[in-house]
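Working notes for the structure below.
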Amino acid sequence: MTTRRKKIFEGKGKILYEGPEPGTLIQYFKDDATAFNSQKKAVLEGKGVINNRISEYVMTRLNSIGVQNHFIRRLNLREQLIRELEIIPLEVVCRNVAAGSLSQRFGLPEGQALPRSIIEFYLKDDKLGDPMVTEEHITAFNWASTQEIDDMMALTLRVNDFLTGTFGAVGITLVDFKVEFGRLWENDFARVILADEISPDSCRLWDAQTNEKLDKDRFRRDLGDVIESYTEVARRLGIMKEMPTVIQGGLH
């Protein structure tokens, strides 16, 4: 990785660099893990490599079924070429099973199936702890239009259908996930497309038989074997053979 590249943005799990041509960026996946609004931090060797690969796998397949996203191609172990978007400052969470903050807020037992998929919006602002917001807030503060909210919800439900099926086929329950969106400008017209990443950092994934957690909750809750669990997700999706041997053996 050359140091001459212009860094555009650095987040908790990724860095965005200027891309090779206009309208593109390079998304670099870090090994840094954070939880509880960065109060808990660690470096998990190999996490960025696995997340890059899983996200590539998911985004490529979403593109092929017409769910447009920012992914263009993977460049190397840790980097992918993406379209530059105007990011909408919202995190969109889709929940199928009670877990995390939903369980806490409403006193629902973790693991209880929800009557239907629930979509929630959160403002992307670490300083404020990513507060939950309603459609009323989103339109009043002009974070997104009513049409854009509709588009984001429709796309999120399509992603949910795809991921539920994809993970379900390999014995993994999709409990919930977080996605982000951006505007792709073409002349004066902006289209809402999927951005960021889809990986065990942004999804709750449980083994369908045992309910064992295979996602970032292993890090949040000190359950150990974080990399092994992420690797297991990649293995079940059938993408391990393309992974470097350092990951295949599990990192101890």
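The figures that follow rest on heavy atoms only: side chains count, while hydrogens, waters and symmetry mates do not.
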Would you check if the side chain of [X] reaches a backbone N or O of [Y] as a donor-acceptor pair within less than 3.5 Å?
X	Y	result
Asn52	Leu77	yes
Asn187	Phe189	no
Arg78	Phe29	yes
Thr24	Arg83	no
Arg236	Val170	yes
Thr139	Ser145	no
Thr164	Asp161	no
Lys216	Thr34	yes

Intermediate values then yes/no, salt bridge (Lys or Arg N to Asp or Glu O under 4.0 Å), Glu110 and Lys213: CA-CA 12 Å; Glu110 189 171 80; Lys213 295 171 174 58; 3.4 Å; yes
Asn37 and Asp130: side chain donor to acceptor below 3.5 Å: no
Ser101 versus Arg95, side-chain donor and acceptor atoms under 3.5 Å: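 Checked: Arg95/Ser101 side chains pair up, N/O donor to acceptor below 3.5 Å.
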Can you see whether Tyr230 has Lys47 sitting over its ring - NZ or CZ less than 6.0 Å from the centre and within 45° of the normal?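 Checked: cation-pi criterion not met.
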Is the terminal nitrogen or CZ of Arg61 (NZ for Lys, CZ for Arg) located under 6.0 angstrom from the six-membered ring centre of Tyr57 and within 45° of that ring's axis?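 Yes, Arg61 lies over the aromatic ring of Tyr57.
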Are there more than 12 heavy atoms of other residues, nucleotides or ligands under 6.0 Å from atom [atom1] of [X]?
X	atom1	result
Arg105	CZ	yes
Glu21	CD	yes
Gln112	CD	yes
Arg221	CZ	yes

Please evaluate residues Phe121 and Val92 with respect to the criterion side-chain contact (heavy atoms from CB on, under 4.5 Å), reporting the C-alpha separation (whole Å), side-chain torsions for both, the decisive distance (0.1 Å), and the verdict. CA-CA 5 Å; Phe121 292 93; Val92 185; 3.7 Å; yes
Side chains of [X] and [Y]: closer than 4.5 Å at any heavy-atom pair?
X	Y	result
Ile26	Leu81	yes
Phe181	Leu194	yes
Gln80	Leu75	no
Trp143	His137	yes

Using every non-hydrogen atom in the two residues, find where [X] and [Y] come nearest and quote the distance to one decimal.
X	Y	value
Gly182	Ala195	N-CB, 4.3 Å
Ser202	Glu197	OG-O, 3.6 Å
Ser117	Cys94	CB-SG, 4.1 Å
Ile227	Gly46	CD1-C, 4.2 Å
Ile54	Pro200	CD1-CD, 3.7 Å
Asp31	Glu45	OD2-CA, 3.6 Å

Under the salt bridge (Lys or Arg N to Asp or Glu O under 4.0 Å) criterion, do Arg220 and Asp217 qualify, and how do the steps go? CA-CA 5 Å; Arg220 289 189 193 98; Asp217 271 348; 2.5 Å; yes
Look up atom [atom1] in [X] and atom [atom2] in [Y], then write down how far apart they are to the nearest 0.5 Å.
X	Y	atom1	atom2	answer
Gln68	Ile193	CD	CD1	5.0 Å
Glu232	Leu237	CD	CG	10.0 Å
Asp176	Glu120	CG	CD	9.0 Å
Thr173	Asp207	OG1	CG	7.5 Å
Glu84	Ile87	CD	CD1	9.5 Å
Ile88	Glu86	CD1	CD	7.5 Å

Pair up each side-chain donor or acceptor in residues 149-156 with any protein partner under 3.5 Å, not counting sequence neighbours, and list the distances.
unit_1, atom_1, unit_2, atom_2, d
Asp151, OD1, Gln147, NE2, 2.9
Thr156, OG1, Met152, O, 2.6

When you group the ILVMFWY residues by side-chain heavy-atom contacts below 4.5 Å and let the links chain together, are [Y] and [X] in the same group?
X	Y	result
Leu157	Leu90	yes
Val58	Leu85	no
Tyr122	Val159	no
Ile198	Phe177	yes
Leu174	Leu62	yes

Output yes when Asp126 and Lys12 qualify as a salt bridge under the 4.0 Å nitrogen-oxygen rule, no when they do not. yes
Closer than 4.0 angstrom, basic N to acidic O: yes or no for Lys30 and Asp201? no
Decide salt bridge (Lys or Arg N to Asp or Glu O under 4.0 Å) for Glu228 and Arg235; before the verdict, give the C-alpha distance in whole Å, the side-chain angles of both, and the deciding distance to 0.1 Å. CA-CA 10 Å; Glu228 285 78 359; Arg235 189 189 68 74; over 6 Å; no
Let me see the working for Val97 and Leu114 under side-chain contact (heavy atoms from CB on, under 4.5 Å), right down to the final yes or no. CA-CA 5 Å; Val97 176; Leu114 299 174; 5.6 Å; no
Could you go step by step and tell me if Glu91 and Glu180 meet the side-chain contact (heavy atoms from CB on, under 4.5 Å) rule? CA-CA 5 Å; Glu91 295 185 344; Glu180 295 180 18; 3.9 Å; yes
Partners passing salt bridge (Lys or Arg N to Asp or Glu O under 4.0 Å) against Asp215 (at least two apart in sequence or in another chain):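 If we apply the salt bridge (Lys or Arg N to Asp or Glu O under 4.0 Å) test to Asp215, skipping adjacent residues, there are no hits.
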Between Asp196 and Val179, is the side-chain contact (heavy atoms from CB on, under 4.5 Å) condition met? List the steps. CA-CA 7 Å; Asp196 198 43; Val179 281; over 6 Å; no
